[in-house]
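Note that these values count all heavy atoms, side chains included, but never hydrogens, waters or copies made by symmetry. Owing to the predicted nature of the structure, the values given are computational and were not obtained by experimental measurement.
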Protein chains: 2
Amino acid sequence: MPDPHDCPGCAAPDLAFAAHDHAHCAHDALNRAEALTAATGARLTPVRRRVLEILLEEHKALGAYDVLSRLAQEGFGNQPPVAYRALEFLVDQGLAHRIQRLNAFTACTHMGEDHAPAFLICRGCHSVAEAAATAARAAVETEAARAGFQVERTTIEALGLCPACRVPA
Amino acid sequence: MPDPHDCPGCAAPDLAFAAHDHAHCAHDALNRAEALTAATGARLTPVRRRVLEILLEEHKALGAYDVLSRLAQEGFGNQPPVAYRALEFLVDQGLAHRIQRLNAFTACTHMGEDHAPAFLICRGCHSVAEAAATAARAAVETEAARAGFQVERTTIEALGLCPACRVPA
DNA sequence: CTATGTATGTAATATCATAACACGTCAACC
DNA sequence: GGTTGACGTGTTATGATATTACATACATAG
């Protein structure tokens, strides 16, 4: 059983692309989610927990209906609001993110860090990673200020190729 | 009849928020679109031209179905592909942009400049402006490179309040 | 004038998302 | 112990966004 600090995925969670003990990575994330929700009084109910587990299975974004069909197979409700509500909860709690470009959702890899990342979306394997966006956000706000615009939230999504997909086979 | 250089909207087209002679601004943009398409051999047909005119009426983003209903009223086809195809053409030609966050489209305010702007979306009046994003893009690419990710396109959209909507009435 | 490519029109359907309401659970309160 | 109220879940129905596939028109090169 690996010490937490031996897991490259957890040590450098930006790098969803890096090989890592993903089972451990996901398990760790779920524990963190439990702790965070317990701390704030938010309720990580069975549906919500299961949706998070589903999102954690891979570093990819899943559509609400993908999640829903998984839930339905497992005996949860099979109508869209079941999935959308759980996903909305996770996003509100900072446990998942919505990827605008894909109309899809992905588990957060920096739970509890109060971050506002940029997303790196691989058009080859469809994996999604988070990258630091502090500098980019600052640059946007500087430009916005020149127009007198007051930024509240900024979405930054980059489409391209992950390390594995850059080298064909 | 104003000299082109007298139009604040055209002199500083970043500032969709600034008061300007919008009729002139739109007319000028249409002329530029004609010139650009003529130069590349692309055909600015009646539907396409009309869609661009519709987008140019305001500095807001319009949904495909909004555009479509306008077209239908005017005797063009009234099925979704009519609107989506014209919009896709305009986006491909750099004459319009898609705003991911709104599932909507807006006329480009920098036609012919080969730009990749950030969008400033006002949640008060729903106007959309373009802002320079060179620095922000560079920052994203720097971070992406650290993960071995090769960026091809980056979407940057800021939500907030425009100058007019910051001061309530 | 006819073959070709491109644009437009239409029907049908797929995909994504929300409103509105019913029911169940559980804790706080009287 | 029953009542109330908040919250979560489930379901129906519908709305909003987008695409596939095919038919038709139309310009232009040959």
H126(A) ring center near H59(A) ring center (under 6.0 Å): no
Test side-chain contact (heavy atoms from CB on, under 4.5 Å) applied to A61(B) - qualifying residues, sequence neighbours left out: I99(B), L102(B), A104(B), T106(B), V128(B)
Residues which pass salt bridge (Lys or Arg N to Asp or Glu O under 4.0 Å) with E58(A), listed by chain and number, not counting sequence neighbours: K60(A)
Selection: residues 79-96 of chain B, any non-hydrogen atom under 4.0 Å of DNA chain C: Q79(B), P81(B), V82(B), R85(B)
Stacking of Y65(B) on dT17(D) base (centres under 5.5 Å, planes under 30°): yes
Qualifying residues under side-chain contact (heavy atoms from CB on, under 4.5 Å), relative to V151(A), sequence neighbours excluded: E141(A), A144(A), F149(A), T154(A), A158(B)
Sequence-distant partners of E152(B), side-chain contact (heavy atoms from CB on, under 4.5 Å), two or more places apart: R123(A), L161(A)
Length of the line joining L68(B):CG and dA16(D):C1', which is rounded to integer Å: 13 Å
Identify every side-chain donor-acceptor pair in residues 67-75 of chain A under 3.5 Å, counting partners at least two apart or on other chains, and give the distances.
unit_1: S69(A); atom_1: OG; unit_2: D66(A); atom_2: O; d: 3.0
unit_1: R70(A); atom_1: NH1; unit_2: E57(A); atom_2: OE1; d: 3.2
unit_1: R70(A); atom_1: NH2; unit_2: E57(A); atom_2: OE1; d: 3.3
unit_1: R70(A); atom_1: NH2; unit_2: E57(A); atom_2: OE2; d: 3.0
unit_1: E74(A); atom_1: OE1; unit_2: R50(A); atom_2: NE; d: 2.6
unit_1: E74(A); atom_1: OE2; unit_2: R50(A); atom_2: NE; d: 3.4
unit_1: E74(A); atom_1: OE2; unit_2: R50(A); atom_2: NH2; d: 3.1

Enumerate the protein-to-nucleotides 23-27 of chain C contacts in which both atoms are nitrogen or oxygen and the separation is below 3.5 Å.
none

Between P of dT8(C) and CG of L71(B), the distance in whole Å: 11 Å
Listed partners of E157(B) passing side-chain hydrogen bond (donor to acceptor under 3.5 Å, both in side chains), at least two apart: none
Residue list, side-chain contact (heavy atoms from CB on, under 4.5 Å) with P117(B), at least two apart or on another chain: H97(B), H115(B), F119(B), E130(B)
